[in-house]
Amino acid sequence: MLLGTMLVLLLAGAAPASAHAALRGTDPDDGSVVEQAPRHVTLTFTESVGLFDDSFRVFGPDQRRVHTDEATHADGRSDTARVGLPGKLAQGTYTVAWRVVSADSHPVSGAFTFSVGKPSATTGQIDTGPAEDPLTGGLHDAARYLAYLAAALLVGLAAFALLCRPADTSPLRRPLVAAWWTLLGSTVVLLLLRAPYETGTGPAAAFDAAALGRTLTGRPGQALLARLVILLLTAAFLTWLSRRRVPEQRPAVLATGTVLAAALALTWAAAEHASAGIQVPLAMTSSVLHLLATGVWLGGLVALLLTLRRAAGDDLPAVVPRFSRIAFASVTVLAVTGVYQSWRGLGSLSALTGTSYGRLLLAKLAGVCVLLLVAGYSRRWTALIAAPAVPARAAVPAPVPQPVGAPAEGHEAAEGPGTGEAGPASEEPEPPGGPVKPGAGSGDPGIRRRLRRSVLVEVAVAAVVLMITTVLTGTLPSRAQAEAAQQAPVGALPPTTEITVPFDTGTGSVTGSGKVQITLDPARVGENGMQALVYGSDSGLVAVPEVRITFTLPSRDVGPIDAELADRGGYWSTNAVNLPLAGNWTMKTTVRVSDVDQVSVERRVRVKP
C-alpha cells in the first residue's frame, strides 16, 4: 500500500526526456528581429521544468530590467516556460536571462536575445543569472553524501540483522539509530537548502517561508518530504521489532522491511537522473534495485565488521556464509543495473573519456574493481570461518604379532570368505592429510582478525566509491550533454569563434611563414575579446614584432576598426573590440616579422546580433 502510494505521488508527470533539461526552442527566436513587440516570451524544453519567481529577467536596450508578469507554463504544458511582457517595448535589442529546474532536480540557466524593429547599435554582456553560491553548493553536496551513506547503513544494518540472523544484535543497534538520525538530519537540510540551491543564492534564503512553500510543491521537495514520512514509519517498525521476538512472523517482517526500503530508495530514483530520460519506468526500477543492492552490500559490510569485533563468535560459522551469499547476490544486481545505467547515461563509448560524466564513471568502476578484489580476499577467510570444526581422530595402535591362526587381542577371529586369514579391521581409515585441527573456524582469533582487516578495507573503499557516486549523480549525463549540444546555439550563449589565418612573407625563415590562430569571443554585436597566437613554419609558437587586426563592414561602410592588440609576452590580445553592427565583417590580419617584412591576409567573420 505504501509503495503504491509513493509510486502515484512521485511518478506523476514523469515523461521520457533527457536528464537535465535542454532548451528546444524560443519564441521569439534567438537573434531574431521582429517588426512588432511580442506579448510573451516562451521557452520550450526537452523535459518538464519547474519555475520560480525569478525564472525570467528581461533587459532592454538601455540595460535596464523590463517589468514582466509571473512566469507560467504555456498552455498548461510542463515542458514550457512563459512570461508576459509590457504592452509597448522600445525599439532595440532585448536580452532574456532564464533559470529553471529540470525534472531530475538540477537547475539549468541560459540567455538569448531578440530585437524589436532593428538591433541596437551596441549591446551589453548577456547576464545568465546568479551563479551557484559556493557555500550553498558545498553544504548541499555534503548533505547529499551523508544521506547516501546513512541510507546505505540503515538498509544494510537492518538487512543483516533480519537475513543473517546473528544471535546477538546488540552491536548493530547504536549504529542503526545513528544512521536513522543522520538520514533524518541530512534530509531536513536538503529540504531547507533546496530553494537557495535552485536560485543560486546564499544559505540564508533557506529560512524564507515563501521559498520553502515553493519547494514543497515541486517534485524534489515532495520526494524529500516523502522520505521524512518513510523514516518515521521505519522508526516505528524498528521500535516494534526491537521489543518482540517473533520468529514465526519472519515472512511478514521481511516483507514490511522490503517495502519500506524500496520506498526509501524510490525517493532518490523519483527526483534524480532516473526520473528523466529514455525508458523512465525501467530506469527507475533499475535505480531502486541498484540503491537497495548498494545498501545491503555496503551496509552489510559494516554490520559484519561490528559483529566480528564484538560478538562472541559461536554463531559465526552460520552468519558469515549467509552474508557471503547475500553479498554475492547484491553484487550481481549491482553489475546488471550498473551496466544498464552506464549505457543510459553515456550514450556512446567515446563519452567515457570525452566527458566529465564518463571520467567519473571510470573512476567509480575502478573503485568497484578494487572493492571486488578485496572482497575476493575476504571470501578466503570466510570459507575458513564457515568450515566445521572436526575433532582429531585417535591413532590406531599397531597390532601385536600373534601366532598364526590366533585371534587378535581383544577381538574374536574374523575369517574372510573362503579363507582362514584375518579379515580387515573394523575402524575407518584416517582422513587424508592427517587429523583436522579442532576449532579451525570461528574460534581461531587469527582468522577472525584477518577477516576483520579485509572487511575494514572493503568499508573504506566503499566509502570512497559512494563519494564518487554522489558526485556522479549531480553531473550532467553524457547522453544529455550530447543532446544539449545538438540544440545549440538556440537559447545558449554563442560559442567562441576561432579563425586560422595562414601567412607567408617569402623570406624563407621559420618566422617568415606560418599561421595566426585568432579567437573572437563571443563574435556578437558589442564588446568582444580577442586573442592571437602566431605559429612558425615548424608549428611552434614564435615571437614577432607586430600583429595588427582591423575590421571592416563593407555593406554598411563601417571601418576600419583597429582591434589594438597588445603583446602579452607570447600572444597578442585585447578585451575591448567593439563591433557595433551584425553582419559579415572583413577581418584584415597583418603580421610583421621584421622591420621590412610583413604580410596582410583577409578573412570573413560573421558577427551575430
Side-chain angles (χ1 to χ4, degrees), residues 21 23-45 48-102 107-133 194-202 204-205 208-215 217-218 490-494 522 524-527 582 608-609:
L23 186 62
R24 191 185 298 277
T26 67
D27 182 18
D29 292 335
D30 181 28
S32 65
V33 179
V34 296
E35 294 182 1
Q36 295 182 347
R39 298 299 303 272
H40 302 90
V41 171
T42 305
L43 309 181
T44 304
F45 296 88
S48 60
V49 294
L51 307 175
F52 36 86
D53 296 340
D54 212 27
S55 277
F56 286 94
R57 292 184 300 152
V58 181
F59 298 89
D62 57 358
Q63 303 304 303
R64 296 179 181 275
R65 187 164 179 176
V66 176
H67 176 74
T68 60
D69 297 336
E70 182 180 356
T72 61
H73 292 292
D75 303 323
R77 293 173 49 190
S78 60
D79 62 344
T80 62
R82 171 176 288 179
V83 65
L85 299 175
K88 293 183 179 180
L89 292 178
Q91 182 175 274
T93 299
Y94 290 79
T95 300
V96 180
W98 54 268
R99 188 180 180 94
V100 297
V101 181
S102 58
V108 185
S109 61
F112 70 97
T113 63
F114 69 91
S115 301
V116 177
K118 67 177 182 178
S120 301
T122 60
T123 59
Q125 184 178 1
I126 294 177
D127 187 347
T128 60
E132 180 183 78
D133 183 81
R194 187 68 211 173
Y197 173 70
E198 290 178 350
T199 57
T201 55
D208 184 351
L212 181 60
R214 186 180 65 247
T215 295
T217 61
V490 177
L493 292 177
R524 279 198 160 181
V525 170
E527 192 170 271
K608 296 182 180 181

Open item on the list: As an exercise, state the distance from OG1 of Thr72 to CZ of Phe56, rounded to the nearest 0.5 Å.
Closed with: 8.5 Å
Task: Test side-chain contact (heavy atoms from CB on, under 4.5 Å) applied to Tyr94 and Val66, Val41, Leu85, the passing residue - done: Val66
Task: Considering all heavy atoms, the nearest Pro28-Pro38 contact - done: CG-CG, 3.8 Å
Task: Thr80 versus His73, closest heavy-atom pair with distance - done: O-ND1, 2.6 Å
- [ ] Return the minimal non-hydrogen interatomic distance between Gly84 and His40, and the atom names on each side.
- [x] CA-CD2, 3.9 Å
Task: Backbone of Val83 reached by a side-chain donor or acceptor of Thr68 within 3.5 Å - done: no
Task: Considering all heavy atoms, the nearest Val33-Gly117 contact - done: CG1-O, 3.4 Å
Task: Minimum heavy-atom distance Leu51-Ala81, with the two atoms named - done: CD2-CB, 3.6 Å
Task: Which atom of Val525 lies closest to which atom of Ala582, heavy atoms considered - done: CG2-N, 3.3 Å
Task: Point-to-point distance, once rounded to the nearest 0.5 Å, from CZ of Arg57 to OG1 of Thr95 - done: 11.0 Å
Task: side-chain hydrogen bond (donor to acceptor under 3.5 Å, both in side chains) partners for Ser115, two or more places apart - done: Thr93
- [ ] To the nearest 0.5 angstrom, please state how far the CZ atom of Arg39 sits from the CG atom of Leu89.
- [x] 9.5 Å
Open item on the list: For the residue pair Thr42 / Arg82, report whether a side-chain donor-acceptor contact shorter than 3.5 Å exists.
Closed with: yes
Open item on the list: If we check side-chain contact (heavy atoms from CB on, under 4.5 Å) with Phe114, which of these qualifies: Asp29, Val96, Thr26?
Closed with: Val96
